[in-house]
Amino acid sequence: MVDLKRQYLGLKAEIDGAVLKALEATQFILGPNVQKFEEEAAYYLGAKHAVALANGTEALHLAILACGIGPGDEVITTPFTFIATAEAISYVGAKPVFVDIHPDTFNIDASKIEEYIATHDASKIKAIIPVHLYGQAADMNPIMAIAKKYNLKVIEDCAQSFGGDYKGKMTGTFGEFGCFSFFPSKNLGCYGDGGMVTTNDSELAEKVKMLRNHGSKVRYYHSIIGYNSRLDEIQAAILRVKLKRMKSFNELRNKNAHLYSELFEGSGVIPPYEDGNGMHVYHQYTVKVKDRDRVIEALSKDGIASAIYYPVPLHQQDVYKNYYQGLVLPNTEKVSQEVLSLPIFPELTEEEIKTVVSAVLRTQG
């Protein structure tokens, strides 16, 4: 799905040098690379603050905690995402509320958010977590309008959208928090686990800094119950090297995705829908196909990877299904049976894309 070695070899000298320099400095916890990365990432995204964390799940968890959400509260989100989005809500004792997705973008449908609020006890609802799925921003203007109307927090799940924008404004800069993952396969990925929150609220930034470091501002003095959720210095050094190339990497992903879509034109394969609200940074290139199992088998025979993001919606997962019996989300349930993600990364060649397309089309006659 993504050739991490190919990218590493292209950056090897610079990454190796940055890692060796970090090792020689021996400041491994919250050292200068973490601080510099936070400053550079905040500047790149147009946020006032960035706080580097251990992983993307913790970014969501600590953001929710910092917003004061806890037991008895409800948080509206999408069922068509990785489970971390809902897990983080469950960690604090709140209830994930799943509403349906837009049938074209697969992002949360803003009209369904308001529909839920209008027909339930609004006093329990504290926040909305939109996910910018596959690298395309959710429709943030109506989401922010709903949040303002009902006095709700907005925590953006940007795990798949680093560098993507909505009407000229970067994802992660709309709500109280933007939450990012630097899992190795992400558009901006490190060589282990890593995460970050962005915020324009200085108090919230300080709260997350305390939460990530055992509830402490001053060493051995603890004001709140916190966690150990710090991005390590070596990963920060790697991320700083990659961040400088983020714009070109995302442009190459976008270019490769458009070539895929051009080659699929006129076939039965339905390419990703771009809503025109901003740059889709294509963390995944996800199509809808007929006879998905046959397509997967054909690709596998040719040595081509593919993946289903996501085969089981969250409200139907074993861990949650007993709490959501009777909940029917038709768009989500239909899409989960049709989608297939194909290889996408900046270094993918035109010839490789044509090979993938040819293998897919052989199954669609």
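Scope of the values below: all heavy atoms of this structure, side chains included, with no hydrogens, waters or symmetry mates.
- When the side chains of ILVMFWY residues are joined at heavy-atom separations under 4.5 Å, either directly or via intervening members, Leu327 and Val99 end up in two distinct hydrophobic clusters.
- Residues Asp157 and Thr85 have side chains that bring a donor and an acceptor to within less than 3.5 angstrom of each other.
- Salt bridge status for Lys354 with Glu350: present, with a side-chain N to carboxylate O gap under 4.0 Å.
- By the 4.0 Å N-to-carboxylate-O rule, Arg362 lies close enough to Asp302 to be salt-bridged with it.
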**Prompt:** Can His61 and Val92 be said to form a side chain to side chain contact (heavy atoms under 4.5 Å, CB included), step by step?
**Reply:** CA-CA 8 Å; His61 179 203; Val92 304; 3.8 Å; yes
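- Going from atom CD1 of Ile76 over to atom CD1 of Ile125 covers 4.5 Å, rounded to the nearest 0.5 Å.
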**Prompt:** When you look at Thr332 and Asp100, which way does the side chain to side chain donor-acceptor pair (under 3.5 Å) test go after all the steps?
**Reply:** CA-CA 6 Å; Thr332 301; Asp100 212 354; 2.6 Å; yes
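- Between Glu24 and Lys21 no salt bridge is recorded (no basic side-chain N to carboxylate O distance below 4.0 Å).
- Salt-bridge formation is detected for the pair Glu14/Lys244: a Lys NZ or Arg NE/NH1/NH2 atom is positioned less than 4.0 Å from an Asp or Glu carboxylate oxygen.
- Using modelled atom types and a 3.5 Å distance limit, the side chains of His258 and Glu274 yield a donor-acceptor pair.
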**Prompt:** So Val269 and Val357, side chain to side chain contact (heavy atoms under 4.5 Å, CB included) or not? Walk me through it.
**Reply:** CA-CA 10 Å; Val269 177; Val357 170; over 6 Å; no
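- Grouping the Ile, Leu, Val, Met, Phe, Trp and Tyr side chains by contacts below 4.5 angstrom, directly or via other members, places Tyr260 with Val295.
- Counting heavy atoms of neighbouring residues, nucleotides and ligands inside a 6.0 Å radius, atom NZ of Lys169 exceeds 12 of them.
- In Tyr8, the OH atom is crowded: over 12 heavy atoms of neighbouring residues, nucleotides or ligands sit closer than 6.0 Å.
- Proximity of a side-chain donor or acceptor of Thr171 to a complementary backbone N or O of Ser161 within less than 3.5 Å is detected.
- Here the CD atom belonging to Glu352 is positioned 13.0 Å from the CG atom belonging to Leu342, to the nearest 0.5 angstrom.
- With hydrogens and angles ignored, the 3.5 Å screen pairs a side-chain donor or acceptor of Glu38 with a backbone N or O of Ala52.
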**Item:** Test salt bridge (Lys or Arg N to Asp or Glu O under 4.0 Å) applied to Asp16 and Lys12, step by step
**Value:** CA-CA 6 Å; Asp16 288 1; Lys12 187 178 187 320; 2.7 Å; yes
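- Here the straight-line distance linking atom CG of Leu231 with atom CG of Asp193 works out to 10.0 Å at 0.5 Å rounding.
- For the atom pair Ile113 CD1 and Ile108 CD1, the distance stands at 4.0 Å (nearest 0.5 Å).
- Using modelled atom types, one side-chain atom of Thr77 and one backbone atom of Ile129 make a donor-acceptor pair closer than 3.5 Å.
- Taken from CG in Leu340 to OH in Tyr285, the straight-line distance is 11.0 Å, to the nearest 0.5 Å.
- Leu9 and Leu20 fall within the same hydrophobic cluster, defined by Ile, Leu, Val, Met, Phe, Trp and Tyr side-chain heavy atoms under 4.5 Å apart, directly or through other members.
- Counting non-hydrogen atoms of other residues, nucleotides and ligands closer than 6.0 Å to NZ of Lys288 gives a total above 12.
- Under a hydrophobic clustering in which Ile, Leu, Val, Met, Phe, Trp and Tyr are joined whenever their side-chain heavy atoms come within less than 4.5 Å, directly or via other members, Ile308 and Tyr282 fall into the same cluster.
- From Arg212, atom CZ reaches atom CE of Met196 across 11.5 Å, with rounding to the nearest 0.5 Å.
- Ring geometry for Phe180 against Phe162 counts as perpendicular: the plane angle is over 60°, on a 0 to 90° scale with 30° as the lower cut.
- Using modelled atom types, one side-chain atom of Asp109 and one backbone atom of Ser111 make a donor-acceptor pair closer than 3.5 Å.
- There is a side-chain donor-acceptor pair under 3.5 Å between His283 and Asn187.
- Checked by atom type and distance alone, the side chain of Glu58 never pairs as donor or acceptor with a backbone atom of Ser229 at under 3.5 Å.
- The pair Lys36-Glu40 does not count as a salt bridge, with every side-chain nitrogen at least 4.0 angstrom from each carboxylate oxygen.
- Without hydrogens or angle criteria, Asn331 side chain to Phe106 main chain gives no donor-acceptor distance under 3.5 Å.
- One hydrophobic cluster, built from ILVMFWY side chains closer than 4.5 Å, cannot hold both Leu252 and Leu348; they sit in different ones.
- For Glu156 (side chain) and Phe174 (main-chain N/O), a donor-acceptor pair under 3.5 Å exists by modelled atom type.
- Between the side chains of Gln136 and Tyr273, not a single donor N or O lies within less than 3.5 Å of an accepting N or O.
- In this structure, Tyr324 and Tyr320 have perpendicular ring planes: the angle between them is above 60°, well past the 30° mark.
- At least one side-chain heavy atom of Arg6 sits under 4.5 Å from a side-chain heavy atom of Thr349.
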**Request:** Determine, step by step, whether Val319 and Ile83 satisfy the side chain to side chain contact (heavy atoms under 4.5 Å, CB included) criterion, reporting the C-alpha distance in whole Å, the side-chain angles of both residues, the deciding distance to 0.1 Å, and the verdict.
**Result:** CA-CA 10 Å; Val319 68; Ile83 196 167; 3.8 Å; yes
**Message:** Pair Leu30, Asn213 - check side chain to side chain contact (heavy atoms under 4.5 Å, CB included), show working.
**Reply:** CA-CA 10 Å; Leu30 298 181; Asn213 195 30; 4.3 Å; yes
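- Using modelled atom types, one finds no donor on one side chain facing an acceptor on the other under 3.5 Å when comparing His49 with Thr198.
- With ring centers used as reference points, Tyr191 lies 6.0 Å or more from Phe182.
- The pair Arg245-Glu251 does not count as a salt bridge, with every side-chain nitrogen at least 4.0 angstrom from each carboxylate oxygen.
- Nearest approach of Ser341 to Thr286, heavy atoms of both residues: OG-OG1, 2.7 Å.
- Inter-residue side-chain proximity for Ile146 and Ile117 is flagged as met; some heavy-atom pair is nearer than 4.5 Å.
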